[in-house]
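Numbers restart at 1 for each chain; the letters A, B, ... are given by sequence-line order, proteins then strands.
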Amino acid sequence: METDEANVTGAPDFYAIEKKWQKMWRESKIFEAEPDERPKFFITIPYPYLNGNLHAGHTRTITIGDAVARYMRMNGYNVLFPMGYHVTGTPIIGLAERIANRDPETIEVYTKYHDVPLEDLLELNTPEKIVEYFSREATKALNSIGYSIDWRRVFTTMDEPYQKFIEWQYWKLKEKNLVAKGSHPVRYCPHDENPVEDHDLMKGENATIVDFTVIKLYGYDGGLIAFPCATLRPETIFGVTNIWINPAGKYVLAEVNGEKWVLSREAADKLVHQEKEVKVIEEVNPKDFIGKTVVNVVLAGMLADDLAEVLKATGSDIADLMEEIARFERREDRIAKVVENLDRVVEGLISSFSNLRKLCDGSKYEKELETLRMIVVPVLPADFVDTDNATGIVMSVPAHAPYDYVALKDLEKEVKNEAGLKDLEGLVKVKPIVLIRIEGENYEVPAVEVSEELGIKNQGEKELLDKATKIVYRKEFHKGVLLENTLYPGMPVSRVKDVLQKDLIDLGVGDVFYEFSEKPVVCRCGTKCVVKIVKDQWFLNYSRPDWKKKVFELLDRMKIIPEYYKEEFRNKVEWLKDKACARRKGLGTRIPWDREWLIESLSDSTIYMCYYILAKFINEGRLKAENITPELLDYVFLGTGDIESASRSSKLSAETVEEIRRDFEYWYPVDLRSSGKDLVANHLLFFLFHHVAIFPPELWPKAIAVNGYVSLEGKKMSKSKGPLLTMKRAVKENGADVTRMYILYASEYDSDADWRKKDVENLAHHLSRFYSLMKKYYTREPEGFKDFKSSAHLDRWLVSRMQRAIKETRDAMEKLQTRRAVNSAFFEVMNDVRWYLRRGGKNPQIIFDDWIKLLSPFAPHICEEIWHWKHSSFVSLEKYPEYDESRVDEIAEVAEEYIKELMNDIKEVLKFVDAKVVYIAPAEEWKKEVAKIALKAGNFGKAMKELMKDERWRGMSKEVSNFVKKVLKESKIVEVDEKRVIEESKDFLEKELGVKIAVDDSKIPEDKKKLAMPGKPAVYAE
RNA sequence: GCGGGGGUUGCCGAGCCAGGAAAAGGCGCAGGGCUUAAGACCCUGUCCCGAAGGGGUCCGCGGGUUCAAAUCCCGCCCCCCGCACCA
């Protein structure tokens, strides 16, 4: 029998095949790209960071890149696909230290998940050895999976020439004023005296740094004493009725930048790290301050008119001063003036207030007292104040903060009932000051109404209070607008914070206190972390509008895949702030003008794609670090300066310089950067920023593609905790082609791929089947097949279907939809071939050349192997199959579809009848009119309307409507010679169905005939 | 909270942008063929009902538009990711 030679061969030796072709490719240098007359395609994948072995995540991203590279190469492009290694930063150093210290956890993770043999691992006790080891391993892995990389361009970011390149880049940025010094808050461990990164944390990984606005209210006790109130809503300063202090807390009096502050003990400790000069004078008892009053300086300025009147009426000695202040037109100026005379104003106001109180509770100065009350507010006790949050002192704004309102109400009651609090009588009054209007809502005093709606009885009901707070804050933030009694009437609450914070600081009554959003934040060493302001850091000024504008321009013109990431990128550009780009610790390049700083790792990997051009010359030994001068790089990358100075400074011949320049001009810009989605908000963003900063628009990148992660059996992979699947292991266990195909087929775009052993094995079976098919048919002469035009129906069908697959695969690849591409190029063709063989096709090999080429970007080794059974060229360099409309035979396709449907119909019937013979007859000719009418009408609705006018059709509206749908989709159905098709397929149907088939309408009853329509013959079984 | 994405038949996952199939493909499961047997391979079935190719129900929930909605519109619920100085 002819069948069995294929099956017996069994599974091919993937491993041997892979090794063989990898060697052949390498020896033939077919992926080493040099400029020529072809159009070029420069594709890059972010170089991997080498603190471990490459894993399934890398495998996915790079396989996508390689499939595209191979696809483009087969489409006539001169493709450059290089790779390098990223080693900048601290993780490698940390790893070396942990290995040197024999850290058990590290050893476990690296032997268990990264597949590093223990004896090798223990050797890796310096960063250099780690880089050496993992780059070697990475190269092995990348080769073992068959990527078409031009290895002459490999490098690491520690290489001296690379550092020269980065120095040049940073000089360029400096020239353009895009790098500047500043300070920046970071998470910091006081014990280690170091900034703390995520993986160094024991607790609090989710904590972010929030900036509280500190607003100082002033008391007076022989001198000014500031009460720094911390708030996230500085606008509420206009509605303060009192301030809160925790009577049970530990507080200190300290000199902060020369001013006396009352603040919590913790706060004083924290401020030391926040660029403040802090000298603790003494511990103080918070209860001593309760009942004392403090001055709201902002309001004092704003209400200077009223104050002046009050002070005059009550004979205060600062009445004149206040009048003077009131003469200023602008509120800001008044406040400034108050601050200028802070000492006198505060003392004067406080003593006036206290005099007036003693003098006249409830008598003739009632109104004046009320005015003063708004500005001179009491310090009151509150348990809910957290001394470990910011300063430990907060403002009370009962109109807009449910906690404040409810606590005040409680306190009011207590004052009446408890003897110990009698001092506070007259000071505790619940009189909320409203400063925000919420658009579209009817609140008078939001905090009061919301608290009442929720039925909050006292401050013990924390849950409800939190809920109320959330409601009020949310509504006010989104729909709130400031009222007349504020500094910015009409301004939305959502916008006021930054403005006001800055104003208050400028006026001298404000400050910033950085605090964690969640607590505690604990370092691995067990110490509680603080926020530290790092001074004199170098920053990349990403927030500059002119810089961003250019990035937006780039985004507009570039292609982002998938498309909706363009919007995501825009948002991220908008959101990006200045970024500290200097570090004290780590591997990398020093800032050339300030050598105590290292350039941070995300900042030295932004335009390095152009370094691949240099790398070839460097690896050839033609270019050394000392040759890489600014003049050289200006000339070869930017075309500025001149060849003479480039040549002179670099000590390279003019020819060499020109050669590098030509290479660069040929290859640049980057045509596609394909990356995992984790790099969107950082690396890819910086990639865009730096390109627009340094290169002219014609050298800006053309496209970015983003792909999702890989999980293992549904579990997230983790480099540091496992599970992890290394590229090496995946290839070793499954073979390169299986690994590649699986990862490409597992999912699309940014959705995550799940690596499932079972599915992977199954794919391997599919590939083996493919190989067997090839083995059986590929080299065989086709029977009775000369060319497409004259061939038999089934052969034409197969060729036609192949055209569909080609079109679909190409379309998918153009959009980087590898899943769809593999599906059509592999699975769908496979199904067609199977159907073809089942139908008795003898010549599947007529499409095999195309099929092998079609699959070659995805499973290059096996394709190369099979291809060589018949050809001596590399399939990797062949022309990718082109969709050829002249080889599409719609009628053949429709006819096959017809047979499939007929078979299903008969099968359905046979389910219910135990028949020996099935009679089939195509519908009567006249029914084809339906098709004509339907096609003329063009759409379903019109067609049905038209047809139902004819009474012949009315009795069978159901059948007609089904047919109309069909004919509108496959118009060729009417051109099929049904009778002939059935006759030709008779043997097939009989074999498949196990019954006798007869084309004979005389045996078919009328009611069955009625059901027939073109494309759906009458069937009768008996 | 802000921003981006998403909820499809046992599972994974297409389809939705350009309305008109119980809804591709894979996995799993069941049955049959092949085989001494296992594996591999091939075929069939896999929402419910049905002794004739049919009918019913279905794509997070609730409305709406339409001859027709998984697909368009409105409201709601739920899930994932990013929010940084870390590669």
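Candidate nucleotides B:G25, B:C43, B:C86 were compared by shortest atom distance to the side chain of A:Phe827, and B:G25 ranks first. Checked against B:C86, B:G25, B:C27, the side chain of A:Asn682 finds its nearest nucleotide in B:C86. Of the candidate nucleotides B:A24, B:G53, B:G82, B:G82 has the atom lying nearest to any side-chain atom of A:Ala681. Set against B:C81, B:A52, B:G26, the side chain of A:Lys716 has B:C81 as its closest nucleotide. Here B:G54 is the nucleotide among B:G54, B:A40, B:A52 with the atom lying nearest to any side-chain atom of A:Glu908. For A:Trp575, the side-chain atoms get nearest to B:C83 when compared with the rest of B:G25, B:G4, B:C83. Here the nucleotide nearest the side chain of A:Lys1008, chosen from B:A52, B:G25, B:G28, is B:A52. Comparing B:A84, B:C41, B:G53 by their closest approach to the side chain of A:Val909 singles out B:G53. Proximity note for A:Ala1021 (side chain, C-beta onward) versus B:G4, B:A24, B:A52: the nearest is B:A52. Residue A:His184 places its side chain closer to B:C85 than to any other of B:C85, B:C11, B:G5.
Going from the C1' atom of B:U8 to that of B:G25 covers 14 Å, rounded to whole Å. Comparing the C1' positions of B:G50 and B:G4 gives an interatomic distance of 48 Å, to the nearest angstrom. B:G6 and B:G56 have their C1' atoms separated by 31 Å, with the value rounded to a whole Å. Spacing of C1' atoms, B:A37 relative to B:G45, comes out at 26 Å, to the nearest Å. As rounded to the nearest Å, B:G64 and B:U9 have P atoms that lie 25 Å from one another. Using P as the reference atom, B:C81 and B:U66 are 41 Å apart when rounded to the nearest Å. B:U57 and B:A23 are spaced 16 Å apart, taking the P atom of each and rounding to whole Å. Rounded to the nearest Å, the gap between the P atom of B:U46 and that of B:G10 is 14 Å.
Taking the six-membered ring where the residue is Trp, A:His86 and A:Tyr47 present parallel rings, their angle staying beneath 30° rather than reaching 60°. Using cut-offs of 30° and 60° on the angle between ring planes, the pair A:His58 and A:His55 is tilted.
Salt bridge status for A:Glu574 with A:Arg570: absent, with no side-chain N to carboxylate O gap under 4.0 Å.
Side-chain atoms of A:Asp905 and base atoms of B:G53 include a donor and an acceptor less than 3.5 Å apart. In terms of polar N and O atoms assigned as donor or acceptor, the side chain of A:Lys758 never comes within less than 3.5 Å of the base of B:C27 in a complementary pairing.
Protein atom CZ of A:Phe477 is 8 Å distant from nucleotide atom C1' of B:G1, rounded to whole Å. Distance, A:Phe569 CZ to B:G4 C1': 12 Å, rounded to whole Å. In this entry the distance linking CZ of A:Arg838 with P of B:C41 reads 17 Å, nearest Å. Remark: P of B:G25 and CZ of A:Arg834 are 10 Å apart, rounded to the nearest angstrom. For the pair A:Leu685 CG and B:G82 C1', the interatomic distance rounds to 12 Å; values are reported in whole Å. The nearest whole Å value for the distance from the NZ atom in A:Lys907 to the P atom in B:G54 is 15 Å. Taking atom OH on A:Tyr565 and atom P on B:C81, their separation rounds to 12 Å, with Å as the unit. When rounded to the nearest whole Å, the span between CD of A:Glu574 and C1' of B:A84 equals 17 Å.
Where A:Pro185 and A:Val1019 each meet RNA chain B at their nearest nucleotide, the meeting point lying more 5' is that of A:Val1019.
Remark: B:U9 base-pairs with no nucleotide in the shown strands. Criterion, Watson-Crick or G-U wobble with two distances under 3.5 Å. Summarising the base pairing, B:C2 is matched to B:G82 through a Watson-Crick or G-U wobble pair whose two defining distances lie under 3.5 Å.
Formation of a donor-acceptor pair under 3.5 Å by the A:Lys677 side chain with backbone atoms of A:Asp750 is found in this model. Listed for the A:Asp752 side chain is no donor-acceptor partner under 3.5 Å among the backbone atoms of A:Gly708. Under the 3.5 Å distance criterion, the side-chain polar atoms of A:Lys1009 are left unmatched by any main-chain donor or acceptor of A:Ala923. One N or O on the side chain of A:Arg60 and one on the backbone of A:Tyr709 form a donor-acceptor pair closer than 3.5 Å. A donor-acceptor pair is defined here as one N or O able to donate and one able to accept, closer than 3.5 Å; such a pair exists between the side chain of A:Ser747 and the backbone of A:Ser751. Counting only distance, with no hydrogens or angles, the side chain of A:Thr156 and the backbone of A:Tyr85 share no donor-acceptor pair below 3.5 Å.
For the pair A:Arg584 and A:Trp597, the cation-pi test (distance below 6.0 Å, angle within 45°) is passed.
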Below 3.5 Å between N/O atoms, which protein atoms pair up with nucleotides 13-17 of chain B? Just atom names and distances, please.
from	atom 1	to	atom 2	distance (Å)
B:G13	O2'	A:Arg819	NH2	2.8

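When heavy atoms are screened at a 4.0 angstrom cut-off, A:Ser605 is found touching no nucleic acid atom at all. At the heavy-atom level, A:Lys677 lies nowhere under 4.0 Å from the strands shown.
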